[in-house]
J.: 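First the structure, which I've put down as structure tokens, then a few questions once you've had a look.
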Amino acid sequence: MFSQQALNAYKTAERTTVSGRETEARVLTEAASKLRHCQKQWTEAKRTGILHEALRYNQRIWTIFQAEIANGANPLPDAIKHNIYQLSRFVDRRIFQVMGSPAPDKLDILIKINENISAGLRGL
């Protein structure tokens, strides 16, 4: 009981102290991790489920990014919003390509995009 209360308190504190950039970096890193895990499990029978879950997770993230840049109150410069939009369209197309014709090497670019954007958000 106490450990669950402590965990809930930690999660609440983390939500209020972690920046938006760090949250975005974290979810992109998680998406890259899920895709990489799928590559490692490619020959396993459960691969299809792992692949679909990883692709859905990745697509949700990029859909949120699209919605955020479409928000009129978003303070990013128009050029950056345009670049994010173009990148998100590429990600969408790649996800559908992988769904239509799965291959582990097709995940490489999605992993690299997520990792590079995550590193940029963290200032690495």
Side-chain angles (χ1 to χ4, degrees):
M1 173 88 168
F2 175 74
S3 62
Q4 185 61 39
Q5 287 175 332
L7 178 61
N8 289 341
Y10 172 78
K11 287 181 179 179
T12 300
E14 181 182 35
R15 277 194 302 270
T16 60
T17 60
V18 173
S19 74
R21 290 175 68 107
E22 180 56 35
T23 300
E24 291 167 347
R26 189 176 295 161
V27 296
L28 286 166
T29 299
E30 178 68 19
S33 176
K34 286 177 180 285
L35 293 167
R36 192 175 311 288
H37 175 70
C38 185
Q39 282 181 317
K40 291 178 183 176
Q41 301 294 319
W42 199 260
T43 60
E44 301 294 321
K46 60 185 176 181
R47 180 220 31 176
T48 300
I50 294 170
L51 175 63
H52 288 295
E53 198 263 308
L55 292 174
R56 278 193 309 269
Y57 184 81
N58 203 59
Q59 191 171 35
R60 280 193 307 265
I61 292 166
W62 284 92
T63 299
I64 291 168
F65 288 164
Q66 288 174 1
E68 284 298 314
I69 62 172
N71 180 348
N74 187 305
L76 288 174
D78 287 341
I80 292 175
K81 287 193 251 184
H82 177 74
N83 290 340
I84 293 170
Y85 176 71
Q86 292 296 348
L87 187 57
S88 69
R89 288 186 59 209
F90 173 83
V91 168
D92 283 344
R93 283 191 303 270
R94 177 55 73 143
I95 287 171
F96 288 119
Q97 288 170 354
V98 174
M99 287 177 171
S101 180
D105 60 311
K106 290 181 179 179
L107 300 177
D108 288 337
I109 190 67
L110 294 172
I111 293 167
K112 288 178 184 175
I113 288 170
N114 289 342
E115 289 175 340
N116 287 330
I117 299 293
S118 177
L121 288 167
R122 289 185 171 123
L124 301 178

J.: Looking only at heavy atoms, what is the nearest atom pair of V27 and Y57, with distance?
T.: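 Smallest interatomic distance, heavy atoms only, reads O-CE2, 3.6 Å.
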
J.: To the nearest 0.5 Å, what is the distance between CG on L110 and CD on Q39?
T.: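 Rounded to the nearest 0.5 Å, the CG-CD separation comes out at 9.5 Å.
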
J.: What closest approach, in Å, do Q66 and S88 show between heavy atoms, and which atom pair accounts for it?
T.: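 Nearest heavy atoms, Q66 then S88: NE2-OG, 3.0 Å.
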
J.: Can M99 be reached from L51 by stepping across I, L, V, M, F, W or Y side chains whose heavy atoms are under 4.5 Å apart?
T.: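 Both belong to a single hydrophobic cluster.
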
J.: Under the side chain to side chain contact (heavy atoms under 4.5 Å, CB included) test against L35, which residue among L55, V98, I109 passes?
T.: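 Result: among L55, V98, I109, L55 is the only option passing the side chain to side chain contact (heavy atoms under 4.5 Å, CB included) with L35.
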
J.: Quick one: pull up NZ in K34 and CD1 in I50 and give me the separation to the nearest 0.5 Å.
T.: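 Going from the NZ atom of K34 to the CD1 atom of I50 covers 10.0 Å.
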
J.: Side chains of R122 and R21: does their closest heavy-atom pair fall under 4.5 Å?
T.: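 Answer no - side chains too far apart.
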
J.: Please check if the side chain of T29 supplies one atom and the backbone of A25 the other of a donor-acceptor pair under 3.5 Å.
T.: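 Indeed, once roles are kept as given, a pair shorter than 3.5 Å links the two residues.
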
J.: Say you draw a straight line from CD1 of I69 to CG of L76; how long is it, rounded to the nearest 0.5 Å?
T.: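 It comes to 8.5 Å.
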
J.: Is there a continuous path of hydrophobic side-chain contacts, each under 4.5 Å between heavy atoms, that joins L107 to F96?
T.: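 In one cluster: yes.
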
J.: Can you find a heavy atom in the side chain of I84 that is under 4.5 Å from one in the side chain of I117?
T.: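 In short, these two side chains do not touch, never coming nearer than 4.5 Å.
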
J.: Quick one: NE2 on H52 to CD on Q59, what's the gap to the nearest 0.5 Å?
T.: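 So the NE2 of H52 and the CD of Q59 are separated by 12.0 Å.
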
J.: Taking side chain as C-beta onward, heavy atoms only, is F90 less than 4.5 Å from I113?
T.: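 F90 reaches I113 side chain to side chain.
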
J.: Check whether any side-chain heavy atom of V91 sits under 4.5 Å from a side-chain heavy atom of F65, and report yes or no.
T.: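 Not touching, per the 4.5 Å side-chain cut-off.
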
J.: Provide the full list of salt bridge (Lys or Arg N to Asp or Glu O under 4.0 Å) pairs with a residue in residues 86-115, sequence neighbours left out, each pair given once.
T.: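 Of all non-adjacent pairs touching residues 86-115, those that pass salt bridge (Lys or Arg N to Asp or Glu O under 4.0 Å) are R36-E115.
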
J.: How many angstroms lie between CG in N74 and CD1 in I80, if you round to the nearest 0.5 Å?
T.: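 Reported value, rounded in 0.5 Å steps: 9.5 Å.
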
J.: Is N58 reaching over with its side chain to a backbone N or O of A31, donor-acceptor style, under 3.5 angstrom?
T.: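 No.
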
J.: Calculate, to the nearest 0.5 Å, the distance between atoms OG1 and CH2 belonging to T48 and W42 respectively.
T.: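 Separation between the atoms: 8.0 Å.
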
